[in-house]
Amino acid sequence: MNKIFTQSFALLILFIAFLSGCGEKSNTSSESVEEAKTYQWKLVTSWPKNFPGLGMGPEKFAEYVNEMSAGRLTIKVYGSGELVPGFEVFDAVSQGTVQMGHSGAYYWKGKMPAAPIFSAIPFGMTATEFNAWLHYGGGLEMWQELYKPFGVIPMAGGNSGAQFAGWFKKEINSIDDLKGLKMRIPGLGGEVLKRAGAIPVTLTGGEIFSSLQSGAIDASEWVGPYNDLAFGFHQAAEYYYTSVWHETGTTLEFLVNEQALSDLPKDLQKIVEVAARAVNEDMLDEYNARNNNALKVLVEKHNVKLRQLPTEVMKALKGYTQEVLAEQADNDETFAKVWASYSEFLQSMREYNDLTLKEYYQNR
Ligand code: CA
């Protein structure tokens, strides 16, 4: 009796399975074909392989995509120079040599003068403010429009948070102390320092320590305590300036070849987008947590002397920044358009945060 019941039940299950199979037959088979197809992408970066912070962004991205797609889209990450040099990442993605890149928009200034706005602008927005502008203030659409002629789609790919003014071998007590100062500082920040009489120098991360130690340069910015401690800059310069001015919330980018993305099924396209968004947030969380700990180590274990730039110096740097940005806007129509949107958003954020967080930071 029991045996007959079990057999009938098993037959019923088989019958239901057969029916449900029949009902969605056409759908299931086309989905199966789509699901069975796998994609292998290459992602080139401007960082050494597995570089802490910046370089771990694309590694995590590849891991998320692989897991979320159950292996249907796998991404191999290449460090700077492994497949293409770090400064050729954009071209490689544009030409379709690779499907993706991870870099910083300020590297493409020569191609598109407006590009640095999507990475770092002196006296610009904080990471939180920038992400708000990007995703809910029209910023991302402008960024996409900027890269569109190159067949490249940009996505925010991580944020270092506010960067420190950097390492100095002597103290800065007045604007005169900047005159003749040889400092490693790239981009628009360097342009601003030049107006203050300093000599900006461009060096890759790996060249900074020896240049500081030998005295070839007098000062250098890099990122913040987490990355700076790893490079050992405290052994080469005595003063660490915590003031934030030249990179206030540096954004990194994922670059995606437009054709490669549109060749993916819709669900995989969404996975790429959502994984990039997750990495963008994750990197900021990691920097916030690790910078804090690293700063304690620098001060308590290595006796680093923390300093802040005097108000007079900050005011002068801000004045020069306004000059530099106004010139950029005069020279390039797109820069002017993006800058108008960015600065309007920054102004409204400033007013809002003056009423809220600014007071709270003082009261807590
Ligand atoms: Ca920097």
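Counting from 1, the numbers follow the sequence of the chain as shown. As a basis for the values below, the full set of heavy atoms in this structure was taken, side chains included, without hydrogen atoms, waters or symmetry mates.
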Exercise. Given Tyr241 and Phe164, is the ring-ring contact (aromatic ring centres under 6.0 Å, His included) satisfied, shown in steps?
Worked result: CA-CA 6 Å; Tyr241 277 77; Phe164 280 36; over 10 Å; no

For residues 301-321, dump all side-chain donor-acceptor pairs below 3.5 Å to protein atoms at least two apart in sequence or in another chain.
from	atom 1	to	atom 2	distance (Å)
Lys305	NZ	Glu238	OE2	2.4
Arg307	NE	Glu171	OE2	2.8
Thr321	OG1	Leu317	O	2.8

Do [X] and [Y] have side-chain N/O donor and acceptor atoms under 3.5 Å apart?
X: Thr204; Y: Glu207; value: yes
X: Asn131; Y: Asn280; value: yes
X: Tyr240; Y: Asp228; value: yes
X: Gln347; Y: Glu351; value: yes
X: Asn227; Y: Tyr287; value: yes
X: Asp332; Y: Gln328; value: no

For this session: Step by step, work out the salt bridge (charged side-chain N to carboxylate O under 4.0 Å, His left out) result for Arg195 and Glu323.
Result: CA-CA 9 Å; Arg195 291 183 194 220; Glu323 281 178 27; 3.4 Å; yes

If you define the side chain from C-beta out and look only at heavy atoms, does anything of [X] sit under 4.5 Å from [Y]?
X: Pro200; Y: Met183; answer: no
X: Pro122; Y: Glu191; answer: no
X: Val274; Y: Tyr64; answer: no
X: Val89; Y: Thr45; answer: no
X: Glu59; Y: Lys49; answer: yes

Exercise. Name the one of Thr251, Asn288, Asp285 that satisfies side chain to side chain donor-acceptor pair (under 3.5 Å) with Asn159?
Worked result: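 For Asn159, the side chain to side chain donor-acceptor pair (under 3.5 Å) test succeeds with only one of Thr251, Asn288, Asp285, which is Thr251.
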
For this session: Only one of Phe90, Trp108, Phe118 passes ring pair (Phe, Tyr, Trp, His ring centres under 6.0 Å) with Tyr147; say which it is.
Result: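 By the ring pair (Phe, Tyr, Trp, His ring centres under 6.0 Å) criterion, Tyr147 pairs with just one of Phe90, Trp108, Phe118: Phe90.
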
Problem set entry | Closest contact, heavy atoms only, Asn291 versus Ser160 |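 Heavy-atom minimum between the residues: ND2-O, 4.3 Å.
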
Problem set entry | Set of ring pair (Phe, Tyr, Trp, His ring centres under 6.0 Å) partners for Phe254, sequence neighbours left out |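 Result, ring pair (Phe, Tyr, Trp, His ring centres under 6.0 Å) vs Phe254: Phe61, His102.
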
For [X], does the [atom1] atom sit with more than 12 other heavy atoms under 6.0 Å from it, leaving out its own atoms?
X: Lys42; atom1: NZ; answer: no
X: Lys148; atom1: NZ; answer: no
X: Glu333; atom1: CD; answer: no
X: Lys270; atom1: NZ; answer: no
X: Lys169; atom1: NZ; answer: yes

Exercise. Got a donor-acceptor contact below 3.5 angstrom from the Asp218 side chain to the Leu181 backbone?
Worked result: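 A pair under 3.5 Å: no.
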
Exercise. Any sub-3.5 Å donor-acceptor pair from Asp282's side-chain atoms to Ala278's backbone N or O?
Worked result: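 Flag not set: sc Asp282 to bb Ala278 has no pair under 3.5 Å.
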
Problem set entry | CG-CZ distance between Leu268 and Arg72, expressed to the nearest 0.5 angstrom |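 With rounding to 0.5 Å, CG (Leu268) is 4.0 Å from CZ (Arg72).
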
For this session: May I ask whether Tyr78 and Ile75 are part of the same hydrophobic cluster, defined by side-chain heavy atoms of I, L, V, M, F, W, Y residues being less than 4.5 angstrom apart, directly or through others?
Result: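 Per the 4.5 Å side-chain linkage, Tyr78 and Ile75 are not co-clustered.
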
For this session: Following the transitive rule for hydrophobic clusters with a side-chain heavy-atom cut-off under 4.5 Å over Ile, Leu, Val, Met, Phe, Trp and Tyr, establish whether Val244 and Leu229 coincide in one cluster.
Result: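 Per the 4.5 Å side-chain linkage, Val244 and Leu229 are not co-clustered.
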
For this session: Begin with the C-alpha distance, continue with both residues' side-chain angles, and end with the deciding distance and a verdict on ring-ring contact (aromatic ring centres under 6.0 Å, His included) for Tyr107 and Phe87.
Result: CA-CA 7 Å; Tyr107 292 141; Phe87 293 137; 5.0 Å; yes

Exercise. In terms of the angle between their ring planes, are His234 and Trp167 parallel, tilted or perpendicular, with boundaries placed at 30° and 60°?
Worked result: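 Rings of His234 and Trp167: tilted, as their planes differ by 30° to 60°.
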
For this session: Test salt bridge (charged side-chain N to carboxylate O under 4.0 Å, His left out) on Glu145 and Lys337 and set out the steps.
Result: CA-CA 12 Å; Glu145 203 180 309; Lys337 186 182 148 197; 3.1 Å; yes

For this session: Identify the residue among Val272, Leu255, Leu261 that makes a side chain to side chain contact (heavy atoms under 4.5 Å, CB included) with Ile153.
Result: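 Per the side chain to side chain contact (heavy atoms under 4.5 Å, CB included) rule, the option paired with Ile153 is Leu261, out of Val272, Leu255, Leu261.
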
Exercise. Does the salt bridge (charged side-chain N to carboxylate O under 4.0 Å, His left out) test come out yes or no for Glu300 and Lys296, once each step is laid out?
Worked result: CA-CA 6 Å; Glu300 290 167 15; Lys296 281 195 186 120; over 6 Å; no

